Amino acid sequence: LFKGQGSVQYLQQAAQSGSPKTKQTAVQALWNIATNGPGVDSQLASKALSQILNLTKGSVVRITKPDPDGSSTASGVFVTTTGYILTTSHITMGLASASRLLVGTEYGREFPATVINTNPSLGLAILKVDGTKFNPVQFSTENLAMGSQVLAIGYPEGLATEQFFSSTVVSIDNQKVLFDMPVFHGVIGGPLLDNSGGIIGLVAAGSGEFSTAIRGTVALSYLRSFGL
């Protein structure tokens with residue numbers, strides 16, 4: 001097991017490698033140290049993981065739907081530099097045709113968003129905001145397996161800053177991923193990431209101690225059908 005500040009710094013550098021396999025191995029090691037209990041090593045590893053997660057700052061967004069009875073919120077993720085956002089379809093349900101959603105980023109920027117498409121059968125939707133140079137998150141190229149450690153990122157309702165939640169995959173099928181973490185309202189629509197920081201799913205629902213995500217392969221196929 002890696003020990004000491006120098007080792008954690010080495011792993012942190014490796015976790016920012018351009019090689020997905022190197023990055024995944026390093027993040028896995030940092031994760032193991034961070035969850036190994038109280039101590040200097042675990043504190044250093046937790047800080048290193050936080051710094052790595054900062055690389056996705058601005059990629060995950062908070063989506064607000066206006067409603068006379070009170071607004072509702074969801075999360076989403078930029079999938080292109082030109083403002084296309086992937087989220088779950090629930091946030092678009094009941095939205096008047098002339099209405100627009102409001103998208104906010106971690107940096108405090110807000111944009112009106114147009115609904116490009118919503119597909120309730122898949123549970124997915126595509127939004128678009130004006131602008132360029134957004135920071136998209138890539139889809140994972142790694143094989144997903146039971147027992148894999150994953151990370152959900154989103155905006156719990158009532159919070160203006162994104163939060164992340166670590167979990168473990170407990171079940172997989174062609175459409176869904178089941179992971180052992182209850183999700184907060186507002187996080188639905190946010191990305192589920194693997195150890196390399198790639199999208200493996202989109203958080204869709206939670207029940208008790210478990211939550212489900214729409215598989216990344218399903219979401220990617222949906223995006224590609226629109227040339228994204």
Side-chain angles (χ1 to χ4, degrees), residues 12-13 15-24 27 49-65 73-92 95 99-119 122-142 144 150-155 160-164 186-204 213-228:
Q12 183 179 0
Q13 291 176 358
Q16 298 179 46
S17 163
S19 165
K21 184 65 69 176
T22 299
K23 181 175 182 178
Q24 185 173 18
V27 171
L49 282 173
S50 295
Q51 291 171 346
I52 293 165
L53 289 173
N54 282 340
L55 297 176
T56 65
K57 287 291 186 183
S59 302
V60 180
V61 300
R62 183 174 186 266
I63 303 167
T64 303
K65 178 170 68 175
T73 66
S75 297
V77 60
F78 280 113
V79 290
T80 72
T81 60
T82 53
Y84 284 94
I85 296 166
L86 179 67
T87 186
T88 45
S89 60
H90 80 286
I91 194 65
T92 66
L95 188 69
S99 297
R100 302 183 83 184
L101 299 168
L102 186 66
V103 166
T105 73
E106 179 73 9
Y107 298 118
R109 302 172 68 190
E110 290 191 332
F111 307 85
T114 301
V115 178
I116 300 300
N117 180 265
T118 183
N119 189 322
L122 291 178
L124 296 170
I126 299 170
L127 313 181
K128 176 72 168 66
V129 300
D130 291 335
T132 58
K133 298 183 179 179
F134 294 106
N135 184 30
V137 179
Q138 303 300 314
F139 280 80
S140 174
T141 58
E142 301 295 324
L144 184 62
V150 293
L151 201 69
I153 304 180
Y155 289 79
T161 57
E162 67 181 31
Q163 307 289 312
F164 67 90
V187 176
I188 291 175
L192 188 69
L193 308 178
D194 66 8
N195 283 342
S196 66
I199 298 173
I200 57 166
L202 216 63
V203 179
I214 300 164
R215 282 201 67 166
T217 50
V218 174
L220 184 57
S221 177
Y222 171 61
L223 289 172
R224 284 178 172 168
S225 70
F226 289 89
L228 300 174

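As the structure is a prediction and not an experimental result, all values here were calculated from the model.
Residues Leu102 and Glu110 form a side-chain contact, since some pair of their non-hydrogen atoms from C-beta on lies under 4.5 Å apart. Leu86 is not listed as a side-chain neighbour of Tyr84, based on a closest heavy-atom distance of 4.5 Å or more. Side-chain contact between Phe134 and Thr105 is absent, with no heavy atoms from C-beta onward closer than 4.5 Å. A 4.5 Å side-chain heavy-atom check between Val77 and Leu202 finds at least one atom pair inside the cut-off. Taking 4.5 Å as the limit, some side-chain heavy atom of Val79 sits within range of a side-chain heavy atom of Phe139. For the pair Asp194 and Leu144, the minimum side-chain heavy-atom distance is 4.5 Å or more.
Nearest heavy-atom pair, Ala204 versus Ile214, reported as atom, atom and distance to 0.1 Å: CB-CG1, 3.9 Å. Nearest heavy-atom pair across Val60 and Glu162 is CB-OE1, 3.6 Å. Gly186 and Ser75 get closest at one heavy-atom pair: O-OG, 2.7 Å. Between Lys128 and Thr82, the shortest heavy-atom contact is NZ-O, 2.9 Å. Closest approach of Pro112 to Val129, counting heavy atoms only: O-CG1, 3.7 Å.
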Any chance you could lay out the side-chain contact (heavy atoms from CB on, under 4.5 Å) test for Tyr155 and Thr73, step after step, and finish with the verdict? CA-CA 8 Å; Tyr155 289 79; Thr73 66; over 6 Å; no

Please test Phe78 against Asn135 for side-chain contact (heavy atoms from CB on, under 4.5 Å), starting from the C-alpha separation and ending with a verdict. CA-CA 7 Å; Phe78 280 113; Asn135 184 30; over 6 Å; no

Assess the residue pair Leu228 and Tyr222 against the criterion (side-chain contact (heavy atoms from CB on, under 4.5 Å)); give the C-alpha distance rounded to whole Å, side-chain angles, the decisive distance to 0.1 Å, and a yes or no. CA-CA 9 Å; Leu228 300 174; Tyr222 171 61; over 6 Å; no

Audit row: Ile199, Leu193, side-chain contact (heavy atoms from CB on, under 4.5 Å) steps and yes/no: CA-CA 5 Å; Ile199 298 173; Leu193 308 178; 3.9 Å; yes

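From Phe226, atom CZ reaches atom CG of Asn119 across 7.5 Å, with rounding to the nearest 0.5 Å. Between Asn117 atom CG and Leu127 atom CG the span is 10.0 Å, to the nearest 0.5 Å. Here Thr87 contributes atom OG1 and Ile126 contributes atom CD1; the two are 11.0 Å apart, rounded to the nearest 0.5 Å. In this structure, Leu122 CG and Ser89 OG are separated by 8.5 Å, a value rounded to the nearest 0.5 Å. Atom OG1 of residue Thr80 and atom CG of residue Leu223 lie 9.0 Å apart, to the nearest 0.5 angstrom.
In this structure a side-chain-to-backbone donor-acceptor pair under 3.5 Å is missing from Thr88 to His90.
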